[in-house]
Protein chains: 2
Amino acid sequence: MAVRENYSRKRNAIYQAICSTKSHPNAEWVYEQLKPQFRDLSLGTVYRNLKKFCEDGKAISVGVINGQEHFDADTTPHSHFVCDRCQSISDIYKPFFSEELLKSLNEEYGVSVTSNEVLFHGVCKECLERE
Amino acid sequence: MAVRENYSRKRNAIYQAICSTKSHPNAEWVYEQLKPQFRDLSLGTVYRNLKKFCEDGKAISVGVINGQEHFDADTTPHSHFVCDRCQSISDIYKPFFSEELLKSLNEEYGVSVTSNEVLFHGVCKECLERE
DNA sequence: ATAAAAATAATAATAATTATCATTTTTATA
DNA sequence: TATAAAAATGATAATTATTATTATTTTTAT
């Protein structure tokens, strides 16, 4: 018997796949990535597990970009940059919202903020250099 | 002949519909809203025009929220708040990104930022009061 | 070793959005 | 005003991403 794991073998592989990249993949990417290793992998399993990771706080959804949901195993607070040329998604590690600012939202708008997502659009370094 | 309009009658009506609300509607809402007036309105026409407004800079996409794209005729820089209870979307008029900050992104990450979207999640005032 | 629980594969179903194309409306201009 | 060209639309089909279903397999607990 193998070493005790928290997950099923495939669930583990899916989690490791999203941990192995900073490309903020979608379900399709993960599926293609793991297909060679797990020839009987089902796309539904990838979707199911990515959703589960988000529910369990082990991943976050970067949002729906160009019609497809993208994921990130990095759950620390950070923002994202989408290149409108090559569609790449990269991280922006810059704190935008202080505690006070979020608190001021609560006061000014009467809302209770639990999370936020910041998405920048533009042209990435690589595409800028190419152009 | 009627007063000269920039648009076809239906396109005008769709634009006025999204201008008439701060609810950040999706295509379905606009369609239901206009159906009584235009009994032969087609949902495809709504989708086509909402997309066109975004391309022409007369509206923006708030993003895909719970599987549906939402729109806003207010194109001035502002952010959005999504209530995870009642799914309402409201405006947050607070400038988060100064010119210097955006410039610093260019310098630190080598990217050229052209736009940004900020989405807060949480519980809205009305739902908080109800709970 | 084995029974119960959980996860999966295969597939069907769903839902939002986009494409197609014949018809209608609008626009430009004679 | 009439009319031809261009643009927009309705109806519908197609597409695409995602979710649901269910029989089977894997994992877990004992």
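Within every chain, numbering begins at 1; the chains are lettered A, B, ... in the order of the sequence lines, protein sequences first and strands thereafter. Computed from heavy atoms alone, side chains included, the values below leave out hydrogens, waters and symmetry copies.
- Across all strands shown, C/dA1 is found opposite D/dT30 as a Watson-Crick or G-U wobble partner, with both distances under 3.5 Å.
- Between B/Phe71 atom CZ and C/dA16 atom P the separation is 13 Å, expressed in whole Å.
- Within the 4.0 Å cut-off from OP1 or OP2 of C/dT8, at least one side-chain nitrogen or oxygen of A/Ser8 is found.
- Rounded to a whole Å, the CG atom of A/Leu43 is 18 Å from the P atom of C/dA7.
- The side-chain tip of A/Lys58 points at the ring of A/Tyr15 from less than 6.0 angstrom away and within 45° of straight on.
- Annotation: of the two residues near DNA chain C, B/Asp40 and B/Arg48, the 5′-most nearest-nucleotide partner is B/Arg48.
- Within the nucleic acid shown, A/Glu69 comes within 4.0 Å of sugar-phosphate atoms alone, with no base atom in reach, counting heavy atoms only.
- The distance between atom CG of A/Asn26 and atom P of D/dT19, rounded to the nearest whole Å, is 13 Å.
- For C/dT18, one of the phosphate oxygens OP1 or OP2 lies less than 4.0 angstrom from a side-chain nitrogen or oxygen of B/Lys51.
- Summarising the geometry, the separation between CG on A/Leu34 and P on C/dA9 is reported as 11 Å, rounded to the nearest angstrom.
- Nucleotide C/dA6 holds its P atom 18 Å from the CG atom of A/Asn12, rounded to whole Å.
- B/Asn49 comes within contact range of the sugar-phosphate backbone alone, with a heavy-atom separation under 4.0 Å but no base atom that close.
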Intermediate values then yes/no, side-chain contact (heavy atoms from CB on, under 4.5 Å), A/Ile89 and A/Phe81: CA-CA 6 Å; A/Ile89 304 169; A/Phe81 176 87; over 6 Å; no
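- Rounded to whole Å, atom P of C/dT17 lies 11 Å from atom CD1 of B/Ile65.
- Taking the six-membered ring for Trp and the full ring otherwise, B/Phe120 and B/Phe96 have centroids separated by under 6.0 Å.
- With A/Asp72 contributing its side chain and A/Asp74 its backbone, the two residues share a donor-acceptor pair below 3.5 Å.
- With hydrogens and angles disregarded, a donor-acceptor distance shorter than 3.5 Å links the side chain of B/His70 to the backbone of B/His24.
- OP1 and OP2 of D/dA7 both lie 4.0 Å or more from every side-chain N or O belonging to B/Arg11.
- Each of A/Lys52 and A/Gly44 was matched to the nucleotide of DNA chain C holding its nearest heavy atom; the match closer to the 5' end belongs to A/Lys52.
- Counting to the nearest Å, the P atom of C/dA7 and the CZ atom of A/Phe53 are 11 Å from each other.
- One can place CG of A/Asn66 at 11 Å from P of C/dT18, the figure rounded to the nearest angstrom.
- Between B/Tyr47 and the phosphate of C/dT17, there is a side-chain N or O to OP1/OP2 separation shorter than 4.0 Å.
- Applying the 4.0 Å criterion to OP1 and OP2 of D/dT9, one finds that B/Ser42 has every side-chain N and O outside that range.
- A close approach under 4.0 Å does not occur between any side-chain nitrogen or oxygen of B/Lys10 and OP1 or OP2 of C/dT26.
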